Peer 1: 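One structure coming up, written as structure tokens, with questions to follow.
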Amino acid sequence: MEIIEKDLSLQEKLNILADAAKYDVACTSSGVDRGGKKGSLGNSCAAGICHSFAADGRCVSLLKILQSNECVYDCKYCLNRASNDRVRTTFTPEEVSQLVIEFYRRNYIEGLFLSSGVCKNPTYTMELMYRSIDLLRNHYHFNGYIHVKAIPNAPQELIEKIGYLADRMSINLELPTAEGLHELAPHKTQASILKPMSLVQNRIVEHRLAIGKDPHMERSGSNRYLSGTIFDTAGQDRIRENASYPAVDSFRTPSLYRPDPFVPAGQSTQMIIGATGENDYQLLTTTQKLYQQFDLKRVFFSAYVPLNEDSHLPSLDTAPPLLREHRLYQADWLLRYYGFQAQDLLSNERPNFNILLDPKCDWALRHLELFPVEINRADYATLLKVPGIGTKSAIRIVKARKTGVLTFEALKKIGVVLKRAKYFITCQGKMQYHLRIEEDFITRQLTGEDYKSSWEIDNPQTYQQLSLFDDNQFASAQPIFSDIQKSLHGQL
Amino acid sequence: MIVYTCEDSFEAILTCIYDAWASGLGHRNLKLMVEPVGNLELFCEYRHVDPDSTKVESVIRSIHKKISGYAYQMIFRCAMSCSSEKADIIYRFLLLGFHYGRQITDMVQLPPVLALFELDRAVGNEAHYFREFIRFLNMRGNVLVAHIEPKSDVLTFLAPPFQDRMPSENWMIIDDNRKSAVIHPSDQDFYLTTLTEEEFKRLKTLEDPDDPYIDLWKGFFETIAIKPRENYRCQRSHIPLWYRKHATEFQNPLP
């Protein structure tokens, strides 16, 4: 039984369709720099701009709404699935444009994030979305950021037409394995998700080649100092720039005609974590493959929030696995900015992240033979592998040491987290304190320091009973089957 | 100890630096301060310096020539800070800067450079936050007005991005603390000005409290948060309470 309300106020519609859209995580306005134009409204900033932060601490950058929350599909995890009894409504293209323009003028938002339930069929839905964006771009002359979610099984022409108007497109992978997808989203297949993804990728490549750029999306500028990043090894077809020719970027098409940009900010995707039994290693290798094969700009992770009761899903009282999500994002950054590969961080033998330590500390502890590192001499790539040194502080170190020697005092001021880094670095051949470089000792020290912040990520807004003992308990460390067996046999 | 004092403006600070430098007293024996000077120290002589455009020009010229344009930008941002020690920090930085030249901006291991670097970053961050968090009110007559109460004088950094963002709109951003405003008429360049009490009062009467988009935005903002993930501490670290003073979504929440 569905109720389709005809005469809802704009406020009610907005609340319903924003409520239905909020579980999508990709609310970034990044990836494209575009100046403003007289006569039109808006610009875009590659770093992305957050305009507010909601009560859950997530940034509000774009007006994140659904075109419609009517849906013919019945994906088990989704709030808008056909079998849920909810008030259904649809925005007209005029309403979407009005909201975006007026919110944008007041500096509430940086642009639009438009997704949709499948209303009637994918073609009808996608066409409605196209009309909204076309109205916004060509009638209201909106020049800000637009992120559009492509609907699986929508026709190719519509996806292409939207691609010429949008800044970023995304198709949600939802679940990393085909089996998981089959179980929870019976109307979608992995092929129907990957097909539009490669379509968008091909159009992006065509456009980039047409304007004389490298076919692959730009990555962090400091990646050029690294070797063996996941983007280097992305297929053998990657064009190696030859030093004897001018850089590809300096070419410009000779004619005045410049083709319209196609999805200039690239595409992204999203995976739900914790709804099915995938381990972190599977998730991270899938992520890496997506970056390499589809040249995605971002892969987002969304901790599963139970909304529906279903025998295939975790029960309704499951807490969202926030710490696991956090660890995956940390690893994602290590892949994109620090030159790590998924195989470095996890393996089939150790398929999940350490809940007590961040992935970089964890990696460093398993590779103590590489440490300590001499700050005044180590290259950028080596500095980046030290826990407590990020991209910014590594660049500052490299620049500052050209003119003089760096001391621990200066490192601290530069922004190095000495609390973590002190076990792994030397300045002029000396460590900060007399510390043993021994795995057990360092692990004990680091977990003691990070325990509080890790616990807070998984248990926001709550407090813990004082205790004389280290009874670290994490929601994600649930008893496994063998523990239950052991307790039955009296071994535990 | 000789203390050179000047009013709180970019020109005055540079003139003060010029005079302190030219005094030949020795860098260790002098200090620079921005007025008002709160606590007077014993055994100090206070000398007030008035801004002088030729001295300002010569300081700017030497910064560009002997150090770099980037260093000049850093110094300008620092001069807009609310710190009372900014004049002295800039002076100590220039001492080293004129010695080392262009590379000085990378030498963050030197304490005077680091002090300038930190001040520059603080002002830059504040300006960036206001770029994100200022909210325009739609006035009668289709003029957008935003009020801010920043610690540092960030108006000059806010105006260019907004000119790029909304070139064909009439808008103004008002710094309530300093009673100054940047005004952008549609399709023209923006300019800085100061506002009188009467003008403030008149602006108040032009506000449109029935703007429907205020409630729409508040409703959206409340809906978009996911209940099981609620985390106010995280929210406060991203948007500290003092930035929320004029943010629409944090004022009189919906019933």
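All of these numbers come straight from a predicted model, not from anything done at the bench. We name chains A, B, ... by the order of the sequence lines, and we start the count at 1 in each one.
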Peer 1: Of the listed residues (A/Ala400, A/Ala18, A/Gly39), which shares the most heavy-atom pairs with chain B below a 4.5 Å separation?
Peer 2: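 Highest number of pairs under 4.5 Å: A/Ala400.
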Peer 1: Between B/Glu249 and A/Ser52, do the side chains contain an N or O donor and an N or O acceptor separated by less than 3.5 Å?
Peer 2: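 Checked: B/Glu249/A/Ser52 side chains pair up, N/O donor to acceptor below 3.5 Å.
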Peer 1: Under a 4.5 Å heavy-atom cut-off, does chain B meet the side chain of A/Ile49, its backbone, both or neither?
Peer 2: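 Both parts, heavy atoms under 4.5 Å.
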Peer 1: With respect to chain B, which residue among A/Leu17, A/Leu411, A/Leu63 yields the maximal number of heavy-atom pairs within a distance under 4.5 Å?
Peer 2: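 Of A/Leu17, A/Leu411, A/Leu63, A/Leu63 has the most heavy-atom pairs under 4.5 Å with chain B.
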Peer 1: Against chain B, label A/Ile16 side chain, backbone, both or neither, depending on which of its atoms sit under 4.5 Å from a heavy atom there.
Peer 2: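 The answer is neither part of A/Ile16.
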Peer 1: Who among A/Ala21, A/Ala410, A/Gly42 has the most heavy-atom pairs with chain B under 4.5 Å?
Peer 2: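 Looking at each option in turn, the highest pair count goes to A/Gly42.
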Peer 1: Which one wins on heavy-atom pair count under 4.5 Å against chain A: B/Leu110, B/Val108, B/Ile134, B/Ile214?
Peer 2: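 Winner by heavy-atom pair count: B/Ile134.
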Peer 1: Among B/Pro161, B/Ala146, B/Pro228, which residue forms the greatest number of heavy-atom pairs with chain A at distances under 4.5 Å?
Peer 2: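 If we count pairs closer than 4.5 Å to chain A, B/Pro228 comes out on top.
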Peer 1: Any side-chain to backbone donor/acceptor pair from B/Gln235 onto A/Phe53? Under 3.5 Å, distance only.
Peer 2: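 Checked: pair present.
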Peer 1: Less than 4.5 Å to any heavy atom of chain A: does that hold for the side chain of B/Gln163, its backbone, both, or neither?
Peer 2: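 Contact with chain A: none, neither part.
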Peer 1: Please look at B/Tyr100 and chain A and tell me whether the side chain, the backbone, both or neither of the residue comes under 4.5 angstrom of a heavy atom of that chain.
Peer 2: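 Neither; nothing under 4.5 Å.
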Peer 1: With a 4.5 angstrom heavy-atom cut-off, could you sort out which part of A/Cys45 is near chain B: side chain, backbone, both or neither?
Peer 2: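 Contact with chain B: side chain only.
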Peer 1: Which residues, numbered in order, of residues 389-399 of chain A come under 4.5 angstrom of chain B by heavy-atom distance?
Peer 2: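 Only A/Arg396, A/Lys399 of residues 389-399 of chain A have a heavy atom under 4.5 Å from chain B.
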Peer 1: Between the side chain of A/Asp56 and the main-chain N/O of B/Arg229, is any donor-acceptor distance below 3.5 Å?
Peer 2: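 Looks like no, no N/O pair under 3.5 Å.
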Peer 1: Counting C-beta onward and ignoring hydrogens, is there a side-chain heavy-atom pair between B/Phe220 and A/Leu99 closer than 4.5 Å?
Peer 2: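 The answer is no; the side chains never approach within 4.5 Å.
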Peer 1: I'd like to know which of A/Lys37, A/Gln98, A/Lys64, A/Lys38 tops the heavy-atom pair count under 4.5 Å against chain B.
Peer 2: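 Sorted descending by pairs with chain B, the first entry is A/Lys38.
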Peer 1: Is A/Leu322 in contact with chain B via its backbone, its side chain, both, or neither, using a 4.5 Å heavy-atom distance?
Peer 2: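 Side chain only.
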Peer 1: Do A/Arg106 and B/Tyr213 have side-chain heavy atoms sitting under 4.5 Å apart?
Peer 2: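 Sidechains of B/Tyr213 and A/Arg106: in contact.
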Peer 1: Report which part of A/Ser61 has an atom under 4.5 Å of a heavy atom belonging to chain B: side chain, backbone, both, or neither.
Peer 2: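 For A/Ser61, neither part sits under 4.5 Å from chain B.
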Peer 1: Using non-hydrogen atoms and a 4.5 Å limit, figure out which bit of B/Thr248 sits close to chain A: side chain, backbone, both or neither.
Peer 2: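 Contact with chain A: side chain only.
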Peer 1: With a 4.5 angstrom heavy-atom cut-off, is it the side chain or the backbone of A/Glu12 that approaches chain B, or both, or neither?
Peer 2: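 Answer is neither: A/Glu12 stays 4.5 Å or more from chain B.
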Peer 1: Non-hydrogen atoms of chain A under 4.5 Å away: do they reach the side chain of B/Arg236, the backbone, both or neither?
Peer 2: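 Neither part; nothing is under 4.5 Å.
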